[in-house]
Amino acid sequence: MNRLIHDIKRSHRCGSLREADIGIEVVLMGWVHNRRDHGGCVFVDLRDREGVTQVVFDPEVDKEAHALSGDLRAEWVIGVVGKVRSRGGNVNPKIKTGAIEVAAVRLEVLAKAKPPPFPIEEEIDTSEETRLKYRFLDLRRPGLQRNLILRHQFNQVVRRTLDAEGFLELETPFLIKSTPEGARDYVVPSRVHGGKFFALPQSPQLFKQLFMVSGFDRYFQIARCFRDEDLRAERQPEFTQVDMEMSFISPADIQAVVEKILVEAWRALLGVELPTPFQRLSYDEAMARFGVDAPDLRFGLELNDLSDTVRAVGFKVFADTVAAGGVVKALNLHGTGDWSRKDLEELEEFVKPYGAKGLAWIKVKEDGSWQGPVAKFFKPEEQAAVAAKLSLAVGDTAVFVADRAKVAHAALGNLRKHVAKKRNLIPKGTFRFCWVTEFPLFEYDDETQRYFAAHHPFTAPQPEHVEAMVKDPGRVKAQAYDIVLNGIEIGGGSIRIHDSVLQQRMFEALGIGEAEAKAKFGFLLEALQFGAPPHGGLALGVDRIMMLICGTDSIRDVIAFPKTQKQTDLMLDAPARLDPAQLAELSIRVAGDKG
RNA sequence: GGGGUGGUAGUUAAGUUGGUUCAUAACGCCGGCCUGUCACGCCGGAGGCCGCGGGUUCGAGUCCCGUCCACCCCGCCA
């Protein structure tokens with residue numbers, strides 16, 4: 001059986017033949033995409049990753065091949081030998097190979113196939129559940145094939161660019177140690193050391209710093225990272241980063257390298273020339289203007305701070321919030337005067353999950369007067385002041401949130417995106433990159449009433465803020481920077497602490513005692529005492545970048561074998577129970593069982 | 001952990017106030033016919049635990065409770 005494949009080799013892929021090839025004999029292999037049996041002639045669209053070619057089984061060309069072709073079904077794998085010929089007047093302009101066809105002189109069935117549970121086509125509306133269960137079939141679809149091919153090309157750009165810049169691609173271990181702070185770890189039991197566990201890396205952070213201590217100077221890795229947290233459309237439990245680190249640099253140096261990679265990637269994959277340098281804005285500016293640390297710069301609708309303007313207005317909610325140290329922020333939803341009360345209530349519902357207690361609004365009517373439940377609390381001169389600040393015009397609606405800055409920013413920052421989507425304010429096919437810099441070093445956690453590292457505990461403070469680390473942690477800025485594309489964080493990094501004394505102080509500020517620091521990060525503190533160069537780096541989120549390059553809303557469309565939102569693999573049926581013998585060998589007794 | 005949307009042939013969907021045109025359509029599948037199709041066409045056929053469990057009712061795809069699964073969001077993601 002399968003004699004053909006031993007006799008001869010495939011000569012072309014199914015997307016490559018053109019009019020210029022008419023007359024030559026070819027050997028094609030692929031999947032039966034579609035079969036049209038006319039009793040006399042049988043037409044088969046033969047598919048592989050490059051495209052589709054029409055094969056004709058004509059009894060006048062070859063009786064045997066024609067007879068055999070009647071049995072063919074969708075998704076059978078076949079090999080065909082035949083001659084390329086013109087389609088004459090029957091050209092199909094929809095496919096690249098539409099001007100030609102292959103008249104088969106020999107057919108061999110290489111594998112039969114059951115009918116697929118869903119059609120192998122570009123546009124399908126099959127549930128994600130079914131597609132994930134049969135992911136190997138889903139991956140036959142041209143869209144996903146294209147996405148994974150682009151992903152391959154992105155990885156090649158990364159390797160080419162970083163190699164040219166003198167980076168070394170070095171590998172780091174997967175079986176490491178669980179550390180405090182950060183995301184939950186995925187954990188791997190040790191058979192040899194019963195009762196002890198490895199953890200999978202959330203990122204190769206510490207190893208890349210140690211590479212710098214070792215003198216490798218410039219490192220990168222396309223690294224898999226693991227975080228046991230709940231999923232989102234753009235979050236998977238295992239994901240890929242381009243992890244980079246450099247010695248003897250400032251933030252501008254690593255940023256320049258990153259821009260080089262992205263410019264090259266957009267050029268090679270999309271044929272788009274990105275203007276450089278990318279825009280830079282500070283964290284404080286991003287929060288003030290856009291309410292989020294990953295601003296989408298493709299549209300306006302910026303936030304305005306009205307705290308000073310409304311400090312004394314008759315609306316108690318506003319005045320009290322400002323008096324208590326909160327803020328009143330507003331968004332001018334230009335030209336939405338025709339929105340109904342119901343539309344505005346929908347916005348209020350949108351904002352509530354972010355902690356906002358309400359959404360005040362006013363409309364500017366034809367005569368310039370205000371309409372809305374809170375309008376009456378504003379004196380004419382107060383209205384004028386607000387109108388000036390928000391550039392309010394006739395037909396505009398303004399919405400207000402009064403709350404702690406954190407809540408007001410989250411509510412309006414996300415509302416801004418929501419409204420932009422709803423009103424189609426976001427131009428298609430545009431890419432707006434920016435750097436967000438000077439992140440805070442610490443963030444305060446209301447629940448545990450303590451500061452924790454906003455980035456990670458190895459991030460260096462701005463030099464002028466070192467003194468304030470313990471006294472006034474909330475004000476300390478870090479030498480940390482994120483790269484943002486279209487409102488999505490696609491990477492982040494920092495200059496690291498390369499001084500063991502400063503690192504100790506950092507742990508202190510975080511409430512990590514000397515003993516604990518030594519137990520968890522002793523190797524790092526020690527390494528920093530043996531001549532650590534100043535260093536810093538960044539990691540790019542490959543999955544999110546590919547999402548944006550491929551123009552999809554789901555990270556699952558750029559990952560070959562993704563997990564569901566509940567962290568399961570529907571194809572493997574993983575995770576799964578272990579049999580008792582295996583558990584015993586690992587010294588594990590299962591206490592709880594969630595089914 | 002919380003909120004929302006959905007689950008009916010292989011697939012995608014329709015199914016009203018609960019009631020023998022309530023189990024339906026398209027695509028796919030199977031059989032037959034067809035020499036220029038490319039969403040081929042024509043004729044015929046098979047295919048169902050209405051996610052699962054319980055309840056209300058004379059009667060449940062439809063109403064109620066629980067539960068499972070998928071997706072979106074909040075929390076979480078140094």
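Each chain gets a letter, A, B and so on, in the order its sequence line appears, and its residues count up from 1.
Within the nucleic acid shown, A/Phe458 has no heavy atom closer than 4.0 Å to any nucleic acid atom. Using a 4.0 Å heavy-atom criterion, one finds that A/Glu443 contacts no nucleic acid atom at all. If you check every strand for non-hydrogen atoms under 4.0 Å, A/Thr179 touches nothing. When heavy atoms are screened at a 4.0 angstrom cut-off, A/Ala454 is found touching the sugar-phosphate backbone but no base atom.
Across the interface with RNA chain B, nearest-nucleotide mapping of A/Lys563 and A/Arg36 shows A/Arg36 to be the residue nearer the 5′ end. Both A/Lys566 and A/Arg544 lie near RNA chain B, and the one whose nearest nucleotide falls closer to the 5' end is A/Lys566.
Donor-acceptor pairing under 3.5 Å is lacking for the side chains of A/Gln504 and A/Glu508.
Closest contact between the side chain of A/Asn92 and the listed nucleotides B/U37, B/C38, B/C71 involves B/C38. The side chain of A/Lys94 lies closest to B/A39 when the candidates are B/G1, B/C73, B/A39.
When Watson-Crick and G-U wobble pairs are counted only if both distances are under 3.5 Å, B/C42 pairs with B/G32. Pairing for B/U21 is absent, with no Watson-Crick or G-U wobble pair whose two atom distances lie under 3.5 Å. Across all strands shown, B/C76 has no partner, as no Watson-Crick or G-U wobble contact with both distances under 3.5 Å is found. Applying the Watson-Crick and G-U wobble criteria (two distances, each under 3.5 Å), B/G6 pairs with B/C69. Across all strands shown, B/A60 forms no Watson-Crick or G-U wobble pair with both distances under 3.5 Å.
Residue pairs meeting the ring pair (Phe, Tyr, Trp, His ring centres under 6.0 Å) criterion with at least one member in residues 37-96 of chain A, sequence neighbours excluded, are A/His38-A/Phe43.
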Test salt bridge (charged side-chain N to carboxylate O under 4.0 Å, His left out) on A/Glu19 and A/Arg87 and set out the steps.
CA-CA 9 Å; A/Glu19 269 180 294; A/Arg87 289 212 203 174; over 6 Å; no
Next item on the list: Begin with the C-alpha distance, continue with both residues' side-chain angles, and end with the deciding distance and a verdict on salt bridge (charged side-chain N to carboxylate O under 4.0 Å, His left out) for A/Asp296 and A/Lys417.
Entry: CA-CA 8 Å; A/Asp296 192 335; A/Lys417 293 189 202 177; over 6 Å; no
Reading nucleotides 2-10 of chain B from 5' to 3' and marking B where a protein heavy atom lies under 4.0 Å of the base, S where only the sugar-phosphate is that close, and - otherwise, the string is --------S
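Rounded to a whole angstrom, the distance from the C1' atom of B/G54 to that of B/C74 is 32 Å. As rounded to the nearest Å, B/A26 and B/C72 have P atoms that lie 33 Å from one another. With both ends at atom C1', the span from B/A46 to B/G53 equals 31 Å, rounded to whole Å. Comparing the P positions of B/U12 and B/C71 gives an interatomic distance of 14 Å, to the nearest angstrom. Distance check on atom P: B/G6 versus B/U17 gives 16 Å, rounded to whole Å. Separating the C1' atom of B/U16 from that of B/U24 is a span of 15 Å, rounded to the nearest Å. Here the separation of B/A60 from B/G19, taken at their P atoms, is 11 Å to the nearest Å. For B/A9 and B/G15, the C1' atoms lie 15 Å apart once the distance is rounded to whole Å.
Of the side-chain N and O atoms in A/Ser127, none sit less than 4.0 angstrom from OP1 or OP2 of B/A70. A close approach under 4.0 Å does not occur between any side-chain nitrogen or oxygen of A/Arg73 and OP1 or OP2 of B/G28.
The base of B/G36 sits within donor-acceptor range of the side chain of A/Arg85, with an N or O pair under 3.5 Å. The base of B/C77 does not come close enough to the side chain of A/Arg227 for any donor and acceptor atom to sit less than 3.5 Å apart. Between the side chain of A/Arg235 and the base of B/C76, at least one donor-acceptor pair of N or O atoms lies under 3.5 Å. One donor-acceptor pair, N or O on each side, does fall under 3.5 Å between the base of B/C38 and the side chain of A/Arg87.
For the pair A/Asn34 CG and B/G36 C1', the interatomic distance rounds to 15 Å; values are reported in whole Å. Computed from coordinates, the A/Met571 CE to B/A70 C1' distance equals 17 Å when rounded to whole Å. Rounded to whole Å, atom P of B/C38 lies 18 Å from atom CD1 of A/Ile100. Here B/C40 presents its C1' atom at 15 Å from CD of A/Glu101, a figure rounded to the nearest Å. Put simply, CZ on A/Arg556 is 5 Å from P on B/C71, counting in whole angstrom units. In this structure, A/Asp557 places its CG atom 15 Å from C1' of B/A70, rounding to the nearest Å. To the nearest angstrom, P of B/C40 lies 16 Å from CZ of A/Phe57. If you measure from atom CG of A/Asp37 to atom C1' of B/C42, you get 13 Å, rounded to the nearest angstrom.
The side-chain heavy atoms of A/Pro201 and A/Phe174, taken from C-beta on, include a pair separated by under 4.5 Å.
Rounded to the nearest 0.5 angstrom, A/Phe523 CZ and A/Leu206 CG are separated by 4.5 Å. Going from atom CE of A/Met547 over to atom CG of A/Asp553 covers 6.5 Å, rounded to the nearest 0.5 Å.
Within a 6.0 Å sphere centred on NZ of A/Lys518, heavy atoms belonging to other residues, nucleotides or ligands number 12 at most.
Here A/His38 counts as stacked on B/C40: its ring centre is under 5.5 angstrom from the base ring centre and the planes meet at under 30°.
When A/Gln503, A/Gln479, A/Glu245 are each tested for a side chain to side chain donor-acceptor pair (under 3.5 Å) with A/Arg496, only one passes: A/Glu245.
Residues passing the side-chain hydrogen bond (donor to acceptor under 3.5 Å, both in side chains) test with A/Arg36, sequence neighbours excluded: A/Asp45, A/Gln54.
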